[in-house]
Engineer: 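Before I ask anything, let me first share the structure, which is written out below as structure tokens.
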Amino acid sequence: MSSKIDAPTPRPAGARRWLWPALFFVVGALITAGVFALLMNIAQRKQEATQPNFQVVQLTDTSFDPAEWGKNFPAQYEGWKNTSINESETSLRTPAPTDPAAPKDVAPSKLKADPRLVTMWQGYAFSVEYNEPRGHAYMLSDQQLVKRVQPPFKQPGACLNCHTSLPEVLNKIGGDPAAAWATMNKMPYTDATKLASHPVSCIDCHEPTTMKLRVSRPAFIAGIKEYKAGQGIANFDVNTMATNNEMRAYVCAQCHVEYYFKGDAKTLTFPWDKGLTVNNALDYYDEIGFSDFTNTLTGAKVVKAQHPDFETWSQGIHAANGVTCADCHMPYTKQGAVKVSDHRVGSPLRDEQKINTTCLTCHHQTEAEMKSRVEKIQSIWKQQSSYSFDALDQLIRDISAAKTAGNVNPEWVAAAQQWQRKAQFLQDYTVSENSKGFHAPQYSLSIINEVTDAARRGQLALKGITEPVTTDATKYTPLIATPAPSTTTATPATPVATPSAPATPTPLHPVYSPRPTTSPS
């Protein structure tokens, strides 16, 4: 038996020569396939960008159901539906509504959170029920269920302007839209609300064939025309003359504004003839002699502020730099290559993603830092607003006590009532505005300062004191102490030996500072 091991058969030289080319071919094919797939994906995304939506149904001026719009614009419709997601805790409505389809929950009560509101609104329906706002999905049902529109209160149909899809209601009334709007305004609310089926939806803000933003509220069309006239722009037509960036604020300003019901026709009217500030509005109301109600505690004729979000925003830094409502409350998001406006309208502080797509597009901070910055502004406003509210509340109590006593000069009481009118409207204005001071921080604090000053002057008026308003400080006459301090050089006192141990200081415990429960260490 041979122990010789056979040598391996040598690989043909030709096989080695073909191995590397074959490997390169396979790798090249994979790379080519990857590049081709990438190019196809890019082409697909470009195609998506040129055709952001597909027309499934034909939309018209009578396409009132938002679900129909959702067939063409599913992403936007989904966002709109998500406004039904409550961003704060709710409680069971008592008594439970009889309508099985109506929401059984209700937002937290603002009256319970701050009973000073009840005092301020004595004699008006808002003193009975006033709750935190919720998403757009609830704007109609929450209004239909609130006690302010239930007997014994009688509200006009004009209340629906900001709580329903207005084009649908006007279409159901029929005839000329302007005449239909006038009819709705003066109808009893209980009748007008039967015509309402949806909250504010797609057709209220978009032209159905082009999707361009549009204003559908006659009150805003008239109000912005008057305001622009005051700026030297005659015959301003918002739907043809406003820029796209302006429209991104104006469509929201159709509802988020201060307004009143004019005359027996209850025509919804914006007090913008003199400008957009709180004092412009009060001057307007004073000039036409308008009051919403008489405070039953004091007899003062006062105006109920609504929700002046647009006017307050217009006084702030964001408005001055072209940052609109939609930029912060409806930011753009990406879905593939398509840029979609987030129709879940809500606070930019809802979560970190929302902060990132709103605040951080301009501000170079982290989400946590930005949230903290906003909350600090709001906390300062809240604290200062509470101080001014205390001043107003005490003025109301003082006037009420003076009327009950019956021994105060009626002219003094009348003057105090006028100061209450100013203080109350301004306080109501800033607490009814939804940003908690953020839309225009400095302006909001200036309103609070005016409330405190008006309340103080009202209390002085009850004592027959009229204090002038200083407009030129250089002409102010200072109060000098009598006798005046001596200008002669005093004789130096005999030095006194320094005590071995300093005396322990006695705490002052001033009335403006709460007394500490424990001694400071």
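Values in this document were obtained by computation on a predicted structure and should not be read as measured data. Residues: numbered from 1 along the sequence shown.
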Engineer: Are there more than 12 heavy atoms of other residues, nucleotides or ligands under 6.0 Å from atom CD of Q231?
Structural biologist: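 Buried by this count: over 12 neighbours within 6.0 Å.
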
Engineer: For a salt bridge (charged side-chain N to carboxylate O under 4.0 Å, His left out) check, start with the C-alpha distance between E246 and K228, then their side-chain angles and the critical distance, and finish with the verdict.
Structural biologist: CA-CA 13 Å; E246 285 178 319; K228 290 288 188 177; 3.3 Å; yes

Engineer: Can you tell me if T470 uses its side chain to pair, donor with acceptor, with the backbone of D472 under 3.5 Å?
Structural biologist: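 Not at all, since once roles are kept as given, no pair shorter than 3.5 Å links the two residues.
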
Engineer: Once rounded to the nearest 0.5 Å, what's the spacing between atom NZ of K112 and atom CD of E129?
Structural biologist: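 Answer for the NZ-CD pair, K112 versus E129, is 9.5 Å.
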
Engineer: Do I355 and P348 make a side-chain contact, defined as non-hydrogen atoms from C-beta onward lying under 4.5 Å apart?
Structural biologist: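 No, every pair of side-chain atoms sits at 4.5 Å or beyond.
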
Engineer: I'd like to know if D398 and K403 make a salt bridge, using a cut-off of under 4.0 Å between side-chain N and carboxylate O.
Structural biologist: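 Judged by the 4.0 Å cut-off on N to carboxylate O distance, D398 and K403 do not form a salt bridge.
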
Engineer: Ring of F126, cation from K304 - is the NZ or CZ under 6.0 Å from the centre and inside 45° of the axis?
Structural biologist: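 Yes, K304 lies over the aromatic ring of F126.
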
Engineer: With under 30° as parallel and over 60° as perpendicular, where do the rings of Y260 and F290 fit, or are they tilted in between?
Structural biologist: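 Ring orientation, 0 to 90° scale: tilted.
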
Engineer: With no hydrogens and no angle check, is any side-chain donor or acceptor of T193 less than 3.5 Å from a backbone partner on T190?
Structural biologist: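 No, the answer is negative, given that no donor and acceptor are paired below the 3.5 Å cut-off.
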
Engineer: Within the 4.5 Å heavy-atom criterion, are S432 and Y130 side-chain neighbours or not?
Structural biologist: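 Yes, close enough: below the 4.5 Å cut-off.
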
Engineer: Given 3.5 Å as the limit, does a donor-acceptor pair link the side chain of S388 with the main chain of S385, or not?
Structural biologist: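 Checking the backbone N and O of S385 against the side chain of S388, a donor-acceptor pair under 3.5 Å is found.
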
Engineer: Can you label the angle between the Y259 ring and the H307 ring as parallel, tilted or perpendicular, going by 30° and 60°?
Structural biologist: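 Aromatic pair Y259/H307 classed tilted.
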
Engineer: Would K422 and E450 count as a salt bridge (charged side-chain N to carboxylate O under 4.0 Å, His left out) here? Give the steps.
Structural biologist: CA-CA 9 Å; K422 178 175 183 176; E450 285 201 61; 3.1 Å; yes

Engineer: Without swapping roles, check the side chain of T90 against the backbone of D105 for a donor-acceptor pair under 3.5 Å.
Structural biologist: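 The answer is no, because no donor-acceptor pair under 3.5 Å joins these two groups.
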
Engineer: Passes side-chain contact (heavy atoms from CB on, under 4.5 Å), K262 versus I288? Steps please.
Structural biologist: CA-CA 10 Å; K262 184 177 182 179; I288 65 172; over 6 Å; no

Engineer: Working note: F389 + L117, criterion side-chain contact (heavy atoms from CB on, under 4.5 Å); need CA distance, chi angles, decisive distance, verdict.
Structural biologist: CA-CA 9 Å; F389 215 157; L117 293 167; 3.8 Å; yes

Engineer: Looking at E226 and K274, is any side-chain nitrogen of the basic one under 4.0 Å from a carboxylate oxygen of the acidic one?
Structural biologist: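 Judged by the 4.0 Å cut-off on N to carboxylate O distance, K274 and E226 do not form a salt bridge.
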
Engineer: Parallel, tilted or perpendicular: which one describes the rings of Y250 and F236, with boundaries at 30° and 60°?
Structural biologist: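 Perpendicular, since the angle between the ring planes exceeds 60°.
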
Engineer: Output the distance between atom OG (S444) and atom CD1 (I380), rounded to the nearest 0.5 Å.
Structural biologist: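 It comes to 12.0 Å.
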
Engineer: Using 4.0 Å as the upper bound for N to carboxylate O, is an ion pair formed by D204 and R217?
Structural biologist: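 Result for this pair is yes, salt bridge flagged.
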
Engineer: Of V238, V215, I233, which is the lone residue that meets side chain to side chain contact (heavy atoms under 4.5 Å, CB included) with I224?
Structural biologist: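 Single side chain to side chain contact (heavy atoms under 4.5 Å, CB included) partner of I224 among V238, V215, I233: V238.
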
Engineer: Evaluate the ring planes of F310 and F220, with Trp represented by its six-membered ring, and classify them as parallel (under 30°), tilted (30 to 60°) or perpendicular (over 60°).
Structural biologist: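 F310 vs F220 ring planes: perpendicular.
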
Engineer: Please check: side-chain N/O of R457 versus main-chain N/O of W419, any donor-acceptor pairing under 3.5 Å?
Structural biologist: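 Not confirmed, R457 side chain does not pair with W419 backbone.
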
Engineer: Can you tell if the side chain of H163 reaches within under 4.5 Å of the side chain of P199, non-hydrogen atoms only?
Structural biologist: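 Of all side-chain heavy-atom pairs linking P199 with H163, none is under 4.5 Å.
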
Engineer: Determine whether a donor-acceptor pair (N or O, by modelled atom type, separation under 3.5 Å) exists between the side chain of T357 and the backbone of K354.
Structural biologist: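 Side chain of T357 to backbone of K354, a donor-acceptor pair under 3.5 Å: yes, one is there.
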
Engineer: Can a donor-acceptor pair be found, under 3.5 Å and without considering hydrogens, that links the side chain of Q424 to the backbone of R421?
Structural biologist: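 No: the side chain of Q424 does not pair with the backbone of R421.
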
Engineer: Short question: side chain of D351, backbone of Q353 - any donor-acceptor pair under 3.5 Å?
Structural biologist: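 Indeed, once roles are kept as given, a pair shorter than 3.5 Å links the two residues.
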
Engineer: Can you confirm whether more than 12 heavy atoms, excluding those of D264, are under 6.0 Å from its CG atom?
Structural biologist: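 No, CG of D264 has 12 or fewer neighbouring heavy atoms, counting only those of other groups under 6.0 Å.
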
Engineer: Would you call the rings of H318 and F438 parallel, tilted or perpendicular, taking 30° and 60° as the class edges?
Structural biologist: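 Tilted.
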
Engineer: Taking D393 first and then R397, would you say they form a salt bridge - that is, a charged N and a carboxylate O separated by under 4.0 Å?
Structural biologist: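 Salt bridge present between D393 and R397.
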
Engineer: Looking at D342 and R344, is any side-chain nitrogen of the basic one under 4.0 Å from a carboxylate oxygen of the acidic one?
Structural biologist: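 Salt bridge flag = no for D342 with R344.
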
Engineer: I'd like to know whether NZ of K334 has more than 12 heavy-atom contacts from other residues, nucleotides or ligands below 6.0 angstrom.
Structural biologist: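 Yes, enclosed.
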
Engineer: May I have the step-by-step check of salt bridge (charged side-chain N to carboxylate O under 4.0 Å, His left out) for R456 and E467, ending in yes or no?
Structural biologist: CA-CA 10 Å; R456 179 180 66 89; E467 187 179 67; 2.8 Å; yes

Engineer: Is there a donor-acceptor contact under 3.5 Å from the side chain of N280 to the main chain of L276?
Structural biologist: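 Between the backbone of L276 and the side chain of N280 there is a qualifying donor-acceptor contact (under 3.5 Å).
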
Engineer: Does the T164 side chain pair with the main chain of L166, one donor and one acceptor, at a distance under 3.5 Å?
Structural biologist: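 Not confirmed, T164 side chain does not pair with L166 backbone.
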
Engineer: Once you measure the plane-to-plane angle for H136 and H256, does it fall in the parallel (<30°), tilted (30-60°) or perpendicular (>60°) bin?
Structural biologist: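 Rings of H136 and H256: tilted, as their planes differ by 30° to 60°.
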
